[in-house]
Colleague: 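One structure is given below, represented as structure tokens, and several questions about it will come after.
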Amino acid sequence: MSDIYDVSLDVLIKGDEKMLEHLEESTNIVKSNKKLLFAIIANVLTAIAMIGLSVIVPSNEYVLAGVFCVMVIAASFLMNQIVKRI
């Protein structure tokens with residue numbers, strides 16, 4: 001078959017490399033758990049920063065708006081990780 005289709009035996013036996021990479025990435029539970037943990041920690045830290053800055057610097061709306069934007073990004077990353085796990 002290798003000679004007929006001009007394909008190496010590695011490709012015939014192992015399959016498509018892109019598909020194997022996709023399967024490996026999607027089944028790597030440890031990697032996805034680390035990403036989920038990172039997303040949760042990022043959300044907690046940004047929430048603490050938001051609360052802390054609102055107490056320390058209540059008159060500076062730009063700082064609070066910046067932290068709020070970071071918090072929205074962190075929440076989006078967390079939501080993305082949760083949806084990937086479902």
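All values derive from a computational prediction rather than experimental measurement. Residue indices begin at 1 and follow the sequence shown.
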Colleague: Considering residues, nucleotides and ligands other than Phe77, do more than 12 of their heavy atoms fall under 6.0 Å from its CZ?
Modeller: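 For Phe77, atom CZ is crowded (more than 12 foreign heavy atoms under 6.0 Å).
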
Colleague: Can you get from Met79 to Val70 by hopping between Ile, Leu, Val, Met, Phe, Trp and Tyr side chains that sit under 4.5 Å apart?
Modeller: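 No, Met79 and Val70 fall in different hydrophobic clusters.
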
Colleague: Say you draw a straight line from CD1 of Ile73 to CG of Leu78; how long is it, rounded to the nearest 0.5 Å?
Modeller: 14.0 Å

Colleague: Show which side-chain atoms of residues 46-53 pair as donor or acceptor with protein atoms under 3.5 Å away, not counting sequence neighbours.
Modeller:
| residue | atom | partner | partner atom | Å |
| --- | --- | --- | --- | --- |
| Thr46 | OG1 | Ala42 | O | 3.0 |
| Thr46 | OG1 | Asn43 | O | 3.0 |

